[in-house]
Amino acid sequence: MPQNQQKGRKTAKDPVETSVPAPLPLNPSLEVNLQEIGKRIGSSSDIVIRNFTNESLSSLSLTFIYIDGLVNADAVNQTVLQPLMESVTLKGDTITAEAAFSMIKDQMLPVGGVKEGKTLEVLLAMLFEGYTLILFEGLQVALAADTSGWEKRSINEPTSQGVIRGPKEGFTESLRTGTSMLRRRLKTTDLRIEEYKIGQRTQTGIAIIYLKGIASEQVLTEIRRRLDAINTDAILESNYIEEFIQDGGLTPFPTIQNTERPDAVAGGILEGQIGIIIDGTPFALLAPSTFFNFFQSSEDYYQRYDISSFLRLIRYGAFFVSMLLPALYIAVTTFHQEMLPTTLLISLAAQREGVPLPALAEALLMELTFDVLREAGVRMPRTIGPAISIVGALVLGQAAVQAGLVSAAMVIVVSFTAISNFVIPSLAIANSIRLIRFVMMFIASTLGLFGIMSFMMVLLIHMAGLRSFGVPYLSPVAPMIPRYLKDIFIRVPLWSMSMRPKTDLGKETRRQGPNQKPQPVEGANQGSPEQPKPQGEDPE
């Protein structure tokens with residue numbers, strides 16, 4: 001093989017192309033350390049460096065470094081700078097650097113977290129998290145005081161998963177805010193939070209959250225292994241993690257849930273799932289996830305079980321409508337006209353009489369137009385959004401029919417399909433259905449209903465072979481486990497769901513005791529309570 005080709009080929013062992021240097025231990029010279037820090041972070045205007053030099057003959061010399069905007073200025077002034085600047089002991093002529101280090105660490109920093117760092121990489125990582133560094137002349141170890149505090153968004157209602165009844169708060173971009181919202185809901189000693197730093201340049205904080213004894217140890221081990229294997233320079237959103245760790249890279253179906261709702265994550269953790277929160281994004285992940293998890297909504301458990309079951313069946317119906325309706329229309333009007341009632345067939349034929357395009361081109365034209373309108377509606381400012389809806393619904397739809405480009409029946413089909421797509425509570429699987437719908441339309445235009453049925457069988461076989469961290473994607477339907485079907489197609493009353501609905505959990509599979517159905521106490525309702533007898537009267 002030519003040498004130039006060997007140079008261009010990358011193997012699995014190639015490191016990530018980055019200029020991140022190797023760990024460098026601190027130098028005893030404070031000046032050398034400051035010069036090295038200056039080389040690493042440059043002379044940015046937000047880097048604040050303050051020197052503290054003993055006025056006596058002592059050689060004690062300190063330097064404070066923090067980043068303006070990442071720290072709480074009041075905390076830096078009141079808990080770090082002021083105590084050290086006003087300390088009489090530090091200004092004495094007999095204190096050594098070692099004694100000053102111990103005294104500052106143990107007595108003079110009234111902050112929650114004080115850490116030690118012996119390499120520049122560790123200290124710079126904490127500097128970028130909002131810590132204030134304290135470097136000492138003559139020591140190869142430094143202190144980092146937690147003074148983090150930056151502007152962040154307040155807790156608001158989730159924008160993508162609203163409910164009528166239920167909590168109105170959603171995750172924010174802060175990792176610690178997310179973990180605290182879960183702590184507030186799961187007040188148990190079994191809750192475990194493990195944090196990681198992923199991304200060589202972003203050092204993004206990631207937390208996996210689970211309940212000990214309920215989450216599967218095998219799934220936990222697999223998630224930890226996949227997170228440890230990520231070697232990239234940046235993690236900016238939860239989808240980065242999702243694509244790195246999810247199963248089935250060539251499938252259109254998502255195998256990890258994402259949600260903005262803390263109550264949905266808490267509910268998943270209580271059922272054995274593992275939550276993953278990523279700093280910098282309001283979307284958390286839940287794994288493992290089966291196909292049926294994407295049709296469940298938090299609101300299902302906040303209203304009566306019969307209403308929830310009815311709405312869940314509507315979602316499954318909307319799933320099939322969203323995926324199949326345009327394809328069925330194309331197949332029936334192109335190949336299987338005999339399946340339509342005569343009256344309906346004549347009506348459709350009359351509508352399509354002046355349309356020059358075949359049914360597939362009609363459907364593609366309308367579907368692509370709707371997708372363009374939807375993308376425009378998402379990107380446009382909210383004040384212009386209603387104008388886009390009017391243009392799409394009235395101008396393009398009605399004008400296209402009057403111009404003879406599409407039939408009125410096709411407008412109805414595409415509109416109902418689009419509305420059905422919004423019924424599905426998970427945006428991830430709703431987007432997957434959009435892609436499958438286009439494939440279905442092409443197959444229907446060439447093979448008719450036989451092609452649709454064949455493709456459905458291929459999809460079913462594909463889904464049966466999918467796994468989400470070892471859990472079958474169609475579980476508990478395939479493989480069939482009847483006792484776990486109480487919360488799949490319908491939701492039975494809460495007092496009837498004694499077992500957790502997943503199939504690959506830890507040891508604690510029961511979530512409530514038996515005989516939880518409310519029943520009247522025997523004999524309590526038999527007749528009215530005995531009235532006290534009036535005094536002085538004859539009972540007869």
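The first residue of the sequence shown is numbered 1, and numbering continues consecutively from there. The figures that follow rest on heavy atoms only: side chains count, while hydrogens, waters and symmetry mates do not.
In this structure a side-chain-to-backbone donor-acceptor pair under 3.5 Å is present from Arg312 to Asp487. Listed for the Thr281 side chain is no donor-acceptor partner under 3.5 Å among the backbone atoms of Ile278. At distances below 3.5 Å, not a single donor-acceptor pair connects side-chain atoms of Arg192 with backbone N or O atoms of Lys212. For Ser347 (side chain) and Thr343 (main-chain N/O), no donor-acceptor pair under 3.5 Å exists by modelled atom type. Side-chain N or O atoms of Asn293 include one that pairs as donor or acceptor with a backbone N or O of Thr290 at under 3.5 Å. Looking at Gln200, its side chain never comes within 3.5 Å of a backbone N or O of Ala234 through a donor-acceptor pair. Judged purely by atom type and a 3.5 angstrom limit, Ser496 has no side-chain atom pairing as donor or acceptor with the backbone of Val492. A side-chain donor-acceptor contact under 3.5 Å links Thr417 to the backbone of Val413. Under a 3.5 Å cut-off, the side chain of Asp300 and the backbone N or O of Gln296 do not form any donor-acceptor pair. No side-chain donor-acceptor contact under 3.5 Å links Arg261 to the backbone of Gly162.
Between Arg185 and Glu169 there is a salt bridge, since at least one side-chain N of the basic residue sits less than 4.0 Å from a carboxylate O of the acidic one. Look at Lys168 and Asp263 and you find no salt bridge, because none of the NZ, NE, NH1 or NH2 atoms lies under 4.0 Å from a carboxylate O. With salt bridges taken as basic N to acidic carboxylate O contacts below 4.0 Å, none links Asp279 and Lys197.
Heavy-atom neighbours of Tyr302 OH from other residues, nucleotides or ligands within 6.0 Å: above the threshold of 12. Under a cut-off of 6.0 angstrom, the local environment of CD in Glu353 is sparse, with at most 12 non-hydrogen atoms contributed by other residues, nucleotides or ligands. More than 12 heavy atoms of other residues, nucleotides or ligands shown are found within 6.0 angstrom of CZ on Arg153. More than 12 heavy atoms of other shown residues, nucleotides or ligands fall within 6.0 angstrom of atom CZ in Phe128.
Among all heavy-atom pairs drawn from Pro476 and Ile488, the shortest one is CD-CD1, 3.6 Å. Minimum heavy-atom separation, Ala430 to Asn421: O-ND2, 3.3 Å. Here the closest heavy-atom approach between residue Ser160 and residue Glu260 is recorded as OG-OE1, 2.5 Å. In terms of heavy-atom proximity, Ala266 sits nearest to Leu182 at N-CD2, 4.0 Å. Residue Ala363 comes nearest to Met441 through the heavy atom pair CB-SD, 3.6 Å, listed as atom of the first residue, atom of the second, then distance. Pairing each heavy atom of Ala409 with each of Tyr329, the nearest pair is CB-OH, 3.7 Å.
Taking the side chain as every heavy atom from C-beta outward, Phe438 and Leu364 approach each other to under 4.5 Å. For the pair Phe335/Leu449, no side-chain contact is recorded, criterion being any heavy-atom separation below 4.5 Å from C-beta on. Side-chain contact check for Arg315 versus Ile424: every heavy-atom pair is 4.5 Å or farther apart. In this structure, the side chains of Leu175 and Ile206 stay at 4.5 Å or more apart for every pair of heavy atoms. A heavy-atom distance below 4.5 Å is found between the side chains of Leu270 and Leu186. Side chains of Ile274 and Leu286 form no contact here, defined as non-hydrogen atoms less than 4.5 Å apart. Proximity of Ile429 to Phe291: side-chain heavy atoms (C-beta onward) are separated by under 4.5 Å at one or more points. Using a 4.5 Å heavy-atom threshold, the side chains of Arg226 and Glu222 count as touching.
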Quiz item: Can you check side chain to side chain contact (heavy atoms under 4.5 Å, CB included) on Ile269 and Ile214, steps first, answer last?
Solution: CA-CA 8 Å; Ile269 290 174; Ile214 294 180; over 6 Å; no

Quiz prompt | Derivation and outcome, side chain to side chain contact (heavy atoms under 4.5 Å, CB included), residues Leu311 and Gln303 | solution = CA-CA 11 Å; Leu311 295 178; Gln303 55 189 352; 3.4 Å; yes

Self-check item: Full working for side chain to side chain contact (heavy atoms under 4.5 Å, CB included) between Met497 and Tyr484
Solution: CA-CA 9 Å; Met497 292 193 293; Tyr484 293 132; over 6 Å; no

Exercise. Evaluate side chain to side chain contact (heavy atoms under 4.5 Å, CB included) for Arg352 paired with Val406, printing each intermediate quantity in order.
Key: CA-CA 8 Å; Arg352 298 202 73 253; Val406 296; over 6 Å; no

Self-check item: CA sep, side-chain torsions, deciding dist, call: Glu173, Lys152, salt bridge (charged side-chain N to carboxylate O under 4.0 Å, His left out)
Solution: CA-CA 7 Å; Glu173 288 76 7; Lys152 55 188 177 182; over 6 Å; no

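Side-chain contact, Tyr210 with Glu194: a donor N or O sits under 3.5 Å from an acceptor N or O. For Arg437 and Ser322, the side-chain atoms include at least one donor-acceptor pair closer than 3.5 Å. For the residue pair Glu129 / Gln203, no side-chain donor-acceptor distance below 3.5 Å is found, with atom types taken as modelled. Side-chain atoms of Thr259 and Gln161 form a donor-acceptor pair, as typed in the model, at a separation below 3.5 Å. Glu299 and Ser297 are not linked by any side-chain donor-acceptor pair at a separation below 3.5 angstrom, with hydrogens and angles left out of the test. Side chains of Thr204 and Thr202: a donor-acceptor N/O pair is present below 3.5 angstrom, by distance only. For Arg176 and Thr179, the side-chain atoms include at least one donor-acceptor pair closer than 3.5 Å. Side-chain contact annotation: Glu362 with Ser407, donor-acceptor N/O pair under 3.5 Å present.
Under the 30°/60° scheme for interplanar angles, the aromatic rings of Tyr473 and Phe294 are found to be tilted. A tilted orientation is assigned to the rings of Tyr316 and Phe489, their planes being inclined by 30° to 60°.
No cation-pi contact links Arg434 to Phe370, judged by a cut-off of 6.0 Å to the six-membered ring centre and 45° from its axis.
Within the model, atoms CD1 of Ile443 and CE of Met453 stand 12.5 Å from one another, a figure rounded to the nearest 0.5 Å. For the atom pair CG of Leu340 and OG1 of Thr333, the computed distance is 8.0 Å after rounding to the nearest 0.5 Å. Between atom CD1 of residue Ile223 and atom CZ of residue Arg225 there is a gap of 11.0 Å, rounded to the nearest 0.5 Å. If you take OG on Ser415 and CE on Met410, they are separated by 11.0 Å, rounding to the nearest 0.5 Å. Rounded to the nearest 0.5 angstrom, Leu474 CG and Met463 CE are separated by 5.0 Å. Atoms CZ and CG, on Phe469 and Leu220 in that order, are 10.5 Å from each other to the nearest 0.5 Å.
When each of Phe422, Phe295, Phe253 is paired with Phe319, the ring pair (Phe, Tyr, Trp, His ring centres under 6.0 Å) condition holds for Phe295 and for no other.
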